[in-house]
Each structure stands twice: as structure tokens, then as C-alpha cells.
Amino acid sequence: MSSSLAIALCISLLGGKGAAPLPTETVTLHWDHKAEAVQREERWSLSPQGLSKTLSRVKAADPAMTFIPPDARREGEWYVQTPQDPPIAQLVLPASDHVATATLCSGKRCAPLRSWLTRAGQGKNAEAPKPAKGEPIRRSTLLPVVLYPCSRQ
């Protein structure tokens, strides 16, 4: 990706005021899905049109599992797909009790997803506001994390 691109890839909490620009325009997300008992990995790249998923990998023992895309090819222990989806404006990564903490790799740094938020002053364990009296309690109190294009500083 050309360094003349006038936008950067940023990370923040959903609705957060601060944003942390990431050191590259391509990131890789890794996580374990507890319910599916698989490891997943996605590579995302920034372009003037938005964010594009350029690679999707699933590490699973059984190729008949329904979450492996039919066009995936086997590479060792991984099922690899090159997605053809159109770019999106933002990627919302919800907090879930079924997904272990995701790792984000950008540049030469790989770290837990929420640790990237400390650069934006949002804290790595930022919580959602407590529900008002009578409102249902959400299962997870962690706010979703968002990746999106932002202006270069």
C-alpha cells in the first residue's frame, strides 16, 4: 500500500472519543472460538474504498464443519479462503463470551486487541455504562472495538 494514502487505519471503542492510528494499513486478527473449537485468522487491508478482508483462515480438525467456506483450500492444518467481498466502512469486533481475547498484529507488533486502545486513552478494559434501574443486564459489559479509516495525523 502506498504511503501517499491520506488515511490511516484506526482503532477505538464503539462510540469512543479517542482513536489510535495503527502503524500499518494491513492488520491480522487471530482468535479462538470456544463454541466452534477452532482457531480463526483474518487479514484486513485499508484502501480508499474502505476495509477489505484479504485472507481468512480456519484451523479445524474436521473438513465437514459447516463454518469452513466451500471455496476454502487446505494448507496444512488450515483451511484458507481469499474473500471477494466488497470493502466495508468499518469492522466492529463485538465482545463475546464465546470468543477468547483476539490478538491484533499491525506492523511488527502483535498484542491483545484491547491493549491497542491504551494509545487512544480508552483503557484496555473499558466497560459499557451500567444499565439503568429496570433495564436488562447485558451478558458482556465490554464495549465492542472498531477498526476504521481515519485521517492521517
Any chance you could measure [X], atom [atom1], to [Y], atom [atom2], to the nearest 0.5 Å?
X: Leu29; Y: Arg40; atom1: CG; atom2: CZ; result: 12.5 Å
X: Trp31; Y: Leu113; atom1: CH2; atom2: CG; result: 10.5 Å
X: Cys105; Y: Arg43; atom1: SG; atom2: CZ; result: 10.0 Å
X: Leu46; Y: Leu147; atom1: CG; atom2: CG; result: 10.0 Å
X: Thr103; Y: Trp116; atom1: OG1; atom2: CH2; result: 10.5 Å
X: Tyr148; Y: Ile11; atom1: OH; atom2: CD1; result: 9.0 Å

### Task
Would you please test Trp44 and Ile88 for side-chain contact (heavy atoms from CB on, under 4.5 Å) and show each step?
CA-CA 10 Å; Trp44 290 84; Ile88 58 175; 3.7 Å; yes
### Query
With Gln84, which residues qualify under side-chain hydrogen bond (donor to acceptor under 3.5 Å, both in side chains), at least two apart?
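With sequence neighbours excluded, Gln84 shows a side-chain hydrogen bond (donor to acceptor under 3.5 Å, both in side chains) to no residue whatsoever.
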### Task
Grab the two heavy atoms, one from Val38 and one from Lys59, that are nearest each other, plus how far apart they are.
CB-O, 3.4 Å
### Message
To check you understand the geometry: which heavy-atom pair defines the closest contact between Pro21 and Cys10, and what is its length?
### Response
CA-SG, 3.7 Å
### Task
Dump the intermediate steps for side-chain hydrogen bond (donor to acceptor under 3.5 Å, both in side chains) on Ser45 and Thr26, then the final yes or no.
CA-CA 4 Å; Ser45 294; Thr26 299; 3.2 Å; yes
### Message
With side-chain contact (heavy atoms from CB on, under 4.5 Å) as the criterion, how do Leu93 and Val146 come out once you've worked through the C-alpha distance, each side chain's angles and the decisive distance to 0.1 Å?
### Response
CA-CA 6 Å; Leu93 303 163; Val146 184; over 6 Å; no
### Message
Distance alone, cut at 3.5 Å: any donor-acceptor contact between the side chains of Ser106 and Thr24?
### Response
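Present: a donor and an acceptor within the cut-off.
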### Query
Is the shortest heavy-atom distance from the side chain of Thr28 to the side chain of Leu104 under 4.5 Å?
no
### Summary
salt bridge (Lys or Arg N to Asp or Glu O under 4.0 Å) filter on Arg57, not counting sequence neighbours, yields Glu41
### Task
Go through the structure and list residues passing side chain to side chain contact (heavy atoms under 4.5 Å, CB included) with Pro112, not counting sequence neighbours.
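For Pro112 the side chain to side chain contact (heavy atoms under 4.5 Å, CB included) partners, ignoring immediate neighbours, are Thr101, Ser115.
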### Query
Stepwise, does the side-chain contact (heavy atoms from CB on, under 4.5 Å) test hold for Lys53 with Leu91?
CA-CA 10 Å; Lys53 188 187 323 180; Leu91 175 62; over 6 Å; no
#### Entry: Hydrophobic cluster membership, Leu55 vs Val27, 4.5 Å side-chain cutoff
no
